[in-house]
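In this chain, residues are counted from 1 in sequence order.
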Amino acid sequence: MCVNERRKLIVPPHLGYGSIGVPGMIPADATLYFDIILVDLWNKKDEVQITTLEKPSQCNRTVKDSDFVRYHYNGTLLDGTYFDSSYSRSSTYDTYVGSGWLIKGMDQGLLGMCAGEWRKIIVPPFLAYGEKGYGTIIPPHASLVFHVLMIDFHNPKDGITVQNQVIPKDCKRRAVTGDYVRYHYNGTLMDGALFDSSYSRNTTYNTYIGMGYIIPGMDAGLQGVCIGEWRRIIIPPHLGYGEKGAGNSIPGSAVLIFNVHVIDFHNPKDSIDIEVTYKPEVCNVTSKKGDFIMYHYNCSLLDGTLLFSSHSYENPQQITLGMNKVIDGLDLGLTGMCKGERRTVIVPPHLGHGESGARDVPASAVMKFDIELVHREEGVPEGYLFIWLDDTPENLFEVMDLDKNGEVPLEEFSTFLKAQVEEGKGRFLPGVDRERSISDMFINQDRNKDQKITAEELKLKTEEEADRVHEEL
């Protein structure tokens with residue numbers, strides 16, 4: 001007979017109780033009729049029967065003695081009678097294997113399982129609850145059937161595991177304790193259940209590593225990452241959220257899996273990093289503070305996302321170096337360049353747009369500038385619109401008063417200054433409309449606002465600010 005098979009048996013007297021019968025119960029020479037259902041069977045030589053119902057395609061590790069396991073199960077008798085289920089409690093059954101916490105048959109039946117594996121485990125009574133059974137739900141001498149889904153497992157001696165690394169070929173530096181890392185991640189349990197993702201918030205997770213700001217397992221798992229690297233970090237619960245878990249999404253004693261993509265990292269002590277990609281053979285003069293320069297650039301994040309480009313406009317970008325017109329890191333990166341030189345400049349956020357970021361620039365982002373210097377010329381000191389390259393002419397007003405009528409209108413003022421530049425005697429502030437500079441200087445000298453300058457009104461800047469070393473109208 002098979003379990004749950006039903007048979008009707010007719011037993012003649014000579015195969016039953018014969019001519020004697022059973023006093024008070026079965027008459028002599030009685031034919032017996034039996035209606036039988038087989039509910040269980042086992043043999044003293046039986047072992048635990050294991051049937052794998054489903055197994056993940058990837059299984060890097062299996063359950064062994066002393067591991068802590070989390071699994072769901074349905075428990076029935078051999079005839080299908082239900083006696084218990086972890087699903088009814090909406091919680092996994094969590095225990096150590098091979099440490100006497102389980103019936104012997106389950107200790108054996110869980111060995112070798114993968115996370116995510118389904119098994120049917122049949123346990124004979126002498127490896128279960130034996131002659132006594134268990135309460136009113138498990139009869140004596142009952143075989144037990146468990147349908148088990150292994151959620152996850154770990155060993156108290158486990159450290160983190162790093163897998164599936166994809167490391168960029170041009171990895172020049174690896175993250176260390178004290179670095180500030182920006183990364184995207186998907187966080188799952190071992191059964192694949194997603195508990196969190198930075199992608200769902202459309203922003204990276206930003207933190208210092210090795211300083212206790214994140215769970216110990218992630219602190220350790222991010223050590224040695226490269227910019228642009230992908231890696232999977234498997235974290236046992238004692239290096240994650242422990243026996244208590246976190247919120248409703250991370251159960252107690254859960255193994256955590258983080259699939260991480262490192263966007264960038266830097267150290268607060270970092271300066272800019274410069275790589276010269278082209279330099280002219282002749283380079284006698286380089287850019288310095290105060291110089292007026294014109295340059296082309298592409299600005300991107302370290303993951304290749306293009307943020308800004310001068311090529312989107314008709315003309316190159318133009319600034320005067322050292323005048324706080326661009327972020328500090330770019331100002332430094334543009335210093336010391338030859339005309340025609342090309343550079344790649346990596347700018348850490350504390351020399352860029354900082355923790356707040358800027359339009360299209362994420363908070364604490366490292367930026368990459370590919371720049372080419374296309375023009376450089378000497379500038380003028382801050383606050384000046386025009387400087388003399390030689391000594392200031394003696395009797396300046398007389399030289400400026402071209403028609404010698406004792407007054408200098410705007411047109412005459414403009415003609416004089418332009419002539420000084422053409423003769424190499426003076427220089428205007430570069431990058432500013434020349435006519436506007438002339439007009440501003442004229443207004444400054446026309447102190448009584450009568451549209452002309454007289455000898456009494458004309459003063460050099462050195463006469464107004466004695467600490468200036470250059471002379472300016």
Side-chain angles (χ1 to χ4, degrees), residues 168 170-175 179-182 206 226-228 262-382 429-432:
D170 59 345
C171 179
K172 298 178 180 178
R173 170 179 168 184
R174 294 178 179 270
D179 282 346
Y180 191 84
V181 184
R182 296 173 59 245
N206 307 336
C226 297
I227 292 171
V262 179
I263 303 302
D264 66 37
F265 64 84
H266 71 280
N267 193 282
K269 298 178 181 179
D270 286 347
S271 185
I272 62 170
D273 181 69
I274 297 175
E275 179 185 358
V276 177
T277 56
Y278 172 76
K279 193 168 188 176
E281 292 184 4
V282 178
C283 179
N284 298 320
V285 181
T286 59
S287 55
K288 63 182 184 303
K289 181 178 180 180
D291 283 355
F292 173 76
I293 62 171
M294 299 173 70
Y295 61 96
H296 274 301
Y297 73 94
N298 288 320
C299 174
S300 62
L301 300 178
L302 295 194
D303 65 356
T305 301
L306 182 66
L307 299 176
F308 314 107
S309 175
S310 63
H311 298 284
S312 301
Y313 305 94
E314 292 184 2
N315 298 311
Q317 183 80 5
Q318 57 184 42
I319 62 164
T320 299
L321 283 174
M323 299 301 174
N324 298 318
K325 299 300 182 182
V326 293
I327 58 173
D328 292 344
L330 182 56
D331 203 276
L332 289 170
L334 288 165
T335 302
M337 291 188 73
C338 306
K339 180 180 177 181
E341 182 179 335
R342 292 191 289 270
R343 288 181 173 182
T344 296
V345 181
I346 305 298
V347 179
H350 49 277
L351 295 175
H353 292 287
E355 296 180 359
S356 300
R359 180 174 60 89
D360 296 329
V361 180
S364 300
V366 179
M367 292 185 293
K368 174 184 176 183
F369 289 88
D370 292 304
I371 55 180
E372 178 182 5
L373 187 65
V374 297
H375 175 79
R376 186 208 70 85
E377 61 181 279
E378 294 282 341
V380 300
E382 187 175 0
L429 173 65
V432 178

**Asked** Is it true that R376 and E378 make a salt bridge, defined as a side-chain N closer than 4.0 Å to a carboxylate O?
**Response** yes
**Request:** Of all the heavy-atom pairs spanning M367 and C299, show the shortest one and how long it is.
**Result:** SD-SG, 4.0 Å
**Request:** Apply the test side-chain contact (heavy atoms from CB on, under 4.5 Å) to residues I263 and L301: give CA-CA distance (whole Å), side-chain angles for both, the deciding distance (0.1 Å), then the verdict.
**Result:** CA-CA 8 Å; I263 303 302; L301 300 178; 5.6 Å; no
**Main-chain N/O of F265 paired with D179 side-chain donor or acceptor, under 3.5 Å** = no
**Request:** Taking the side chain as every heavy atom from C-beta outward, state whether N298 and H311 have any pair of such atoms under 4.5 Å apart.
**Result:** yes
**Message:** For the backbone of G336 and the side chain of S287, can you confirm whether one donor and one acceptor N or O come within less than 3.5 Å of each other?
**Reply:** yes
**Message:** Measuring only between side-chain heavy atoms, which start at C-beta, is R359 closer than 4.5 Å to F308?
**Reply:** yes
**Prompt:** Are the side chain of D331 and the backbone of G322 linked by a donor-acceptor contact shorter than 3.5 Å?
**Reply:** yes
**Residue pair T305 / D303: nearest heavy atoms and the distance that separates them** = OG1-OD1, 2.9 Å
**Salt-bridge contact D273-R173 (side-chain N to carboxylate O under 4.0 Å)** = no
**Prompt:** Which heavy atom in I272 sits nearest to a heavy atom in G333, and how many Å separate them?
**Reply:** CD1-N, 3.6 Å
**Request:** Indicate the atoms forming the closest heavy-atom contact of C283 with T286, along with that distance.
**Result:** SG-CG2, 3.8 Å
**Request:** For C226 and P168, work out which heavy atoms get closest and say how close.
**Result:** CB-CD, 4.2 Å
**Request:** For the pair N267 (side chain) and K269 (backbone), establish whether a donor and an acceptor sit closer than 3.5 Å, ignoring hydrogens and angles.
**Result:** yes
**Message:** Less than 4.5 Å apart, side chain to side chain, heavy atoms only: is that true for I227 and C171?
**Reply:** no
**Asked** Looking at H353, E355, H350, which hits side chain to side chain contact (heavy atoms under 4.5 Å, CB included) with S364?
**Response** E355
**Prompt:** Any ring pair (Phe, Tyr, Trp, His ring centres under 6.0 Å) pairs touching residues 355-376, not counting sequence neighbours?
**Reply:** none
